[in-house]
Amino acid sequence: CSEHKDSSEKKHKDKEKTKHKDGSSEKHKDKHKDKDKEKRKEEKVGVSLELCFFACFCSPPRIKDEPDDDGFYASPKEDSKPLKRPREDDDADYKPKKIKTEDIKKAKKRKQEEEEVMWEEERYPEGIKWKFLEHKGPVFAPPYEPLPENVKFYYDGKVMKLSTKAEEVATFFAKMLDHEYTTKEIFRKNFFKDWRKEMTSEEKSTITNLSKCDFTHMSQYFKAQSEARKQMSKEEKQKIKEENERLLKEYGYCVMDNHKERIANFKIEPPGLFRGRGNHPKMGMLKRRIMPEDIIINCSKDSKIPAPPPGHKWKEVRHDNKVTWLVSWTENIQGSIKYIMLNPSSRIKGEKDWQKYETARRLKKFVDKIRNQYREDWKSKEMKVRQRAVALYFIDKLALRAGNEKEEGETADTVGCCSLRVEHIKLHPELDGQEYVVEFDFLGKDSIRYYNKVPVEKRVFKNLQLFMENKQPEDDLFDRLNTSILNKHLQDLMEGLTAKVFRTYNASITLQQQLKELTNPDDNIPAKILSYNRANRAVAILCNHQRAPPKTFEKSMMNLQSKIDAKKEQLADARRELKSAKADAKVRRDEKSKKTVESKKKAVQRIEEQLMKLEVQATDREENKQIALGTSKLNYLDPRISVAWCKKWGIPIEKIYNKTQREKFAWAIDMAEEDYEF
DNA sequence: CAAGTCACTTAGAAGCCGAATC
DNA sequence: GATTCGGCTTCTAAGTGACTTG
């Protein structure tokens, strides 16, 4: 543990160094040859300090000064105080003299710009993600428990006892019997093929037709089981809860450098049937059980290396501090690698998140130039350049995803911008009174449908016609383009720029602009929150974040409506009472009746407020029917915009972010002031 | 430069749980 | 006390994009 302390002291020395670097920035004055480079350097200096600031702020749960139960040591005292941010005058030397004449607004803006950062230089040298990493390894899925004797499986109407392996796979199917999946041809075919692989040779020769398999008894058994779980006594439930907490405490955390950090997914995915989204060619395939022998452990050389379960070995233990994962294994459906990584509240995720928004903010400065550029490129002599420019226009205007190529037959047929095919768009020279309308209809990520009719500029329209000439519906729309070409181009336009940055940028800028537009200073808090949700919704619509309308939607809407009706009646009653109290007071003219009037007045007001709140809620819910706000909130909206908005209007942050979200955005909550501008 | 590998972010659905309601 | 409902958490699939290899 003393080593932890050592390394953290080193860290502090590093911080000192950075400060010195900052102090020596006068040098820049003399070098005016390469302005861009110089500017980058300035920004780099800013980074390290900001990052330290960040690291100090954003890593709950913090380690206390005393070693805790787990023997984790705290970081030294100094670490627990945030480093001061660089003051403006620290680098005033190389600012042009003009600065004095600038008005305060400009100065403020400049200050914000200075806080922006270049990211190639991190707290650690080139690509190093941590210095110390210790964890307990993953938690494996519980072993299979064979069914009790009385739970039967029937084949062709006759009882059949399955071998344990075959039975396990059968239960996976039985558990999904109510799901639409099990009616799908591909699912059944894939399942049956993989199931047969697990059978003994006798089973294989008997069970030749899935339709003759009867899983209903098994299915009923599982339903009864889950029912029984619900009916458990408080004590039993408590016991399970405690066991889960123990597991979390033991395996749910790791130490990365000087912080104890929450792990996101410390449990290994249990075996089961693969559930792809949309029309997935591999749905129903058997996801095999992961064993310690499949597992690669990643941790520090000098940490306590997690022990594999008794009688087992890890596939490999490595010490790669250029990556952030703790555990990995290769999954058998797509052959891709799965990882165990840290929670979004961790330093390493938070920093990255912050970095993402800083890149998007940098795009703000370049975006006008880039837009002019692609407009020019629509006229280019080169087909490749035109396609690139039109694709970029879509990515920018419609917030489409980049659209990497995918291997045919391995995944559901979905596309993004660069992989759009001719069949995915229709061109309307005129539609509903608008000129040059492009009708998009395709399946995007997760097989979510993107449907949109967009009027575009004439040049774009003409280009699209050109791109579609002599092509079949299944041909690529942008046949000279892929994401790699596009991203290379973007990289030239701005360092760190890729297609996905446009989504982040447009989402965040839309939120900021919508908040400005929709917030009415005179509104009360619930109404302001409605405005926030509407701004959020505008972004979700832009990014096409949809959800299946909840099954209970209609019902819950009706419930809410009846609540509103009841409240309205209550209000009418209260108003009547107020009226009669007023009349009464007019006649009697005594103190007591005056007081009654006052209290009735208050009651009316209170009910009015409650009614309004309910009505707002109803509007909000109705508008949210098929739109999911969560994804944009979590992944696209610079949290500092929301924090600033809350501060500006005195809205408690809890109304916008729940506990988990506050943990994830701790850095932003600490950092952003009321006047933050994206 | 095409294909493959790897790391990491983004995504909606399912499951769970506690508060509200009957 | 039982049931319902909605929000939060968990789960893991499905993307992006950097990098490597042939």
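Chain naming here is simple, since letters A, B, ... match the order of the sequence lines and numbering starts at 1 in each.
- For the residue pair A:K249 and A:Y253, the shortest heavy atom distance occurs at O-CD1, 4.0 Å.
- Each of B:dA13, C:dT9, B:dC8 was ranked by its minimum atom distance to the side chain of A:Y339; first place goes to B:dC8.
- Every residue two or more places apart in sequence or in another chain that forms a side chain to side chain contact (heavy atoms under 4.5 Å, CB included) with A:A412 is listed here: A:T414, A:S447.
- Between the side chains of A:S419 and A:N404, no donor-acceptor pair of N or O atoms lies under 3.5 Å.
- Checked by atom type and distance alone, the side chain of A:K287 never pairs as donor or acceptor with a backbone atom of A:E269 at under 3.5 Å.
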Exercise for the section: Summarise protein proximity over nucleotides 16-22 of chain B in one line of letters, 5' to 3': B for base, S for sugar-phosphate only, - for none, counting protein heavy atoms closer than 4.0 Å. Expected result: --S--S-

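- Using bins of under 30°, 30° to 60° and over 60° for the plane-to-plane angle, the ring pair A:Y450/A:F442 lands in the parallel bin.
- Sorted by first and then second residue, the ring-ring contact (aromatic ring centres under 6.0 Å, His included) pairs involving residues 530-550 of chain A (not counting sequence neighbours) are A:Y532-A:W645, A:H545-A:Y636.
- Taking atom CD1 of residue A:I627 and atom C1' of nucleotide B:dG12, one finds them 15 Å apart after rounding to whole Å.
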Between protein and nucleotides 3-6 of chain C, what N or O pairs are separated by less than 3.5 Å?
| from | atom 1 | to | atom 2 | distance (Å) |
| --- | --- | --- | --- | --- |
| C:dC5 | OP1 | A:K555 | NZ | 3.2 |
| C:dC5 | OP2 | A:K555 | NZ | 3.0 |
| C:dG6 | OP1 | A:S556 | OG | 3.3 |
| C:dG6 | OP1 | A:R621 | NH1 | 3.2 |

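- When rounded to the nearest whole Å, the span between NZ of A:K237 and P of C:dG1 equals 14 Å.
- Look at CD1 on A:I263: it is 18 Å from P on C:dT9, rounded to the nearest Å.
- A:Q546 comes within 4.0 angstrom of the backbone, heavy atoms only, and of no base.
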Practice task
I would like to know whether A:E242 and A:Q238 meet side-chain hydrogen bond (donor to acceptor under 3.5 Å, both in side chains); could you show each step before the answer?
Solution key: CA-CA 6 Å; A:E242 273 164 21; A:Q238 185 61 25; 3.3 Å; yes

Problem - Per-nucleotide protein contact string for nucleotides 10-16 of chain C, where B marks a base within reach and S marks sugar-phosphate only (heavy atoms under 4.0 Å, - for neither) - result: --SSBSB

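- No donor-acceptor pair closer than 3.5 Å links the side chain of A:W130 to the backbone N or O of A:S300.
- For the pair A:T631 and B:dG12, the criterion of a side-chain N or O lying under 4.0 Å from OP1 or OP2 is met.
- Between A:L481 atom CG and B:dC1 atom P the separation is 13 Å, expressed in whole Å.
- Applying the side chain to side chain contact (heavy atoms under 4.5 Å, CB included) rule to A:R275 yields the partners A:M176, A:H179, A:Y181; only residues at least two apart in sequence or on another chain are considered.
- Residue whose closest nucleotide on DNA chain B sits further toward the 5' end, between A:H179 and A:W325: A:W325.
- Whole-Å rounding puts the A:D638 CG to B:dT9 P distance at 16 Å.
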